[in-house]
Asks: 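Dropping the structure in here first, questions after.
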There are 2 protein chains.
Amino acid sequence: MGISERKAREKQEMRLRIIEAATEMFMSEGYEKTSIRNIAEKIEYSPATIYLYYKDKDELLYEVQKQAFSQLEEAFARDATSPDPWVRLGQICHSYVRFGKAHPEMYELMFMMRAPMNSIKENEPWRNNTDSFVVLLTCLTECMEKGLLRFKDVTLAAFSVWAMGHGLVSLDVSCRLQAMNMTEQHVEEMILASIEQYLNLIKS
Amino acid sequence: MGISERKAREKQEMRLRIIEAATEMFMSEGYEKTSIRNIAEKIEYSPATIYLYYKDKDELLYEVQKQAFSQLEEAFARDATSPDPWVRLGQICHSYVRFGKAHPEMYELMFMMRAPMNSIKENEPWRNNTDSFVVLLTCLTECMEKGLLRFKDVTLAAFSVWAMGHGLVSLDVSCRLQAMNMTEQHVEEMILASIEQYLNLIKS
DNA sequence: AAAGTAACTAAACAGTGTTCATATTTTTCA
DNA sequence: TGAAAAATATGAACACTGTTTAGTTACTTT
């Protein structure tokens with residue numbers, strides 16, 4: 001049955017073409033410009049065709065989000081290379097912040113927008129972030145095994161570190177920092193200083 | 001010239017009626033349902049009329065945001081009453097989290113959505129959050145004067161505390177925590193535990 | 001070649017923010 | 001008081017949005 005396999009492959013290729021167009025649009029033009037109609041035009045199909053491959057826009061955005069998370073993983077793989085878990089923790093934090101600043105629209109899709117989360121079925125977990133979260137979790141586990149951290153529980157530690165990083169990046173992405181009598185450079189310094197400070201606080 | 005004053009007052013009353021309708025809609029029906037047309041219908045005017053009082057939807061949302069921030073201030077005034085700044089810091093944090101959980105749509109408007117920030121003119125600061133931020137700033141200043149905190153700079157301290165709180169609340173509001181194999185109760189416990197842990201970390 | 005299936009799309013629906021020419025109401029002033 | 005002027009309000013339109021459906025085209029199977 002080579003034909004049905006080819007069909008399935010073609011279907012998958014079309015799905016990929018759609019989210020690649022959407023991803024590119026998201027990165028270069030931003031969320032506002034990324035409409036079903038614009039995506040359709042980009043891949044030279046009718047808008048209705050997209051609905052043969054994705055249930056609705058939320059489901060499409062969920063797949064674009066997945067794409068974005070694998071980009072974050074790549075960034076982690078490039079930046080967080082030290083065998084020393086404590087050094088690596090710093091690398092992860094800086095990589096995270098750099099990613100957010102470089103791709104604010106993607107960051108919004110990954111961590112701030114409600115839309116993509118609507119397509120998760122009830123009682124099913126969010127898988128898109130799993131791999132990148134594990135990078136942090138593993139690093140913190142290693143740190144704690146060496147007794148480097150003032151934490152008791154690894155999970156709680158991971159959530160705290162994530163929350164701290166996300167708090168800083170998302171306030172920046174959502175323009176809440178620029179708005180407070182700060183220059184763009186000042187904002188960046190403050191974010192880095194906050195992270196340095198936080199890492200110092202959690203070090204035992 | 002009592003007439004022009006009355007006119008100005010009436011104009012202000014109309015502006016208020018509009019944002020009160022919008023605020024109520026935002027809280028009960030959510031952002032999605034709060035359209036110019038729906039607001040207009042609620043106050044029994046034509047949609048076009050709203051544009052005589054507000055330049056665009058972003059400007060309107062900015063005023064609704066202002067309303068929301070004064071509600072947060074009220075919450076702080078109710079909850080953060082201790083004369084002991086260290087105790088009060090805990091009260092502020094818990095008040096903040098409770099507010100976010102009670103009014104997620106408002107929280108989004110205050111700290112996550114881009115839209116309301118678009119109406120801030122270039123090189124003009126964001127004033128809506130000033131008063132509530134000062135509550136935190138004052139508290140931390142008092143704490144540091146008593147040597148209770150492991151911070152050097154008050155501003156940096158305030159940003160860090162805010163970022164931590166916002167990180168936790170916004171991840172919750174944007175459904176990033178529920179999505180990770182956690183029950184709603186578990187999420188709440190984790191947020192509170194993270195805050196307790198953080199307060200412990202910053203205590204000298 | 002005919003029948004059946006899969007892929008695609010034009011057109012429409014109901015909604016959005018926003019603008020503008022056209023009323024309607026209110027105020028001013030002769 | 002009555003006409004001109006100014007302020008206020010709106011109906012209708014424009015250009016969008018996500019989504020659905022009926023109908024067409026293209027390919028596969030018999």
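Keep in mind that the numbers below use all heavy atoms, side chains included, and drop hydrogens, waters and symmetry copies.
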Asks: Taking only Lys NZ, Arg NE, NH1 and NH2, and the carboxylate oxygens of Asp or Glu, determine whether A:Arg17 and A:Glu20 approach each other closer than 4.0 Å.
Replies: no
Asks: Rounded to the nearest 0.5 Å, how far does CG of B:Asp79 lie from CD1 of B:Ile92?
Replies: 10.0 Å
Asks: Which pair of heavy atoms, one from B:Tyr53 and one from B:Glu59, lies closest together, and at what distance?
Replies: O-OE2, 4.4 Å
Asks: For each nucleotide in nucleotides 13-18 of chain C, reading 5' to 3', give B when a protein heavy atom comes within less than 4.0 Å of its base, S when such contact involves only the sugar-phosphate, and - otherwise.
Replies: ---BBB
Asks: Whole Å only: how far is the CD atom of B:Glu44 from the P atom of D:dT10?
Replies: 10 Å
Asks: NA contact type, A:Tyr54, heavy-atom cut-off 4.0 Å: base, sugar-phosphate, or nothing?
Replies: nothing
Asks: What is the distance from CD1 of B:Ile50 to C1' of D:dT8, rounded to the nearest Å?
Replies: 15 Å
Asks: Pull out every residue in residues 14-22 of chain A that has a heavy atom closer than 4.0 Å to any atom of DNA chain C, ordered by number, or say none.
Replies: none
Asks: Without decimals, in angstroms, what is the distance between A:Ile39 CD1 and D:dT17 C1'?
Replies: 12 Å
Asks: Rounded to whole Å, please give me the gap between CG in B:Leu52 and P in D:dT10.
Replies: 9 Å
Asks: Considering non-hydrogen atoms only, spot the tightest contact between B:Glu108 and A:Arg176 and give its length.
Replies: O-NH2, 4.2 Å
Asks: Are B:His166 and B:Phe159, when compared by the centres of their aromatic rings, separated by less than 6.0 Å?
Replies: no
Asks: Do the ring centers of B:Phe69 and B:Phe133 come within less than 6.0 Å of each other?
Replies: no
Asks: Does A:Ser46 make a side-chain N or O approach to OP1 or OP2 of C:dC8 shorter than 4.0 Å?
Replies: no
Asks: How about B:Glu189: does its CD atom have over 12 heavy atoms from other parts shown lying under 6.0 Å from it?
Replies: yes
Asks: Looking at every heavy atom in both B:Arg150 and B:Lys203, which two are closest together, and how far apart are they?
Replies: CD-O, 3.4 Å
Asks: Can you measure B:Ile43 atom CD1 to D:dT8 atom P for me and round it to whole angstrom units?
Replies: 15 Å
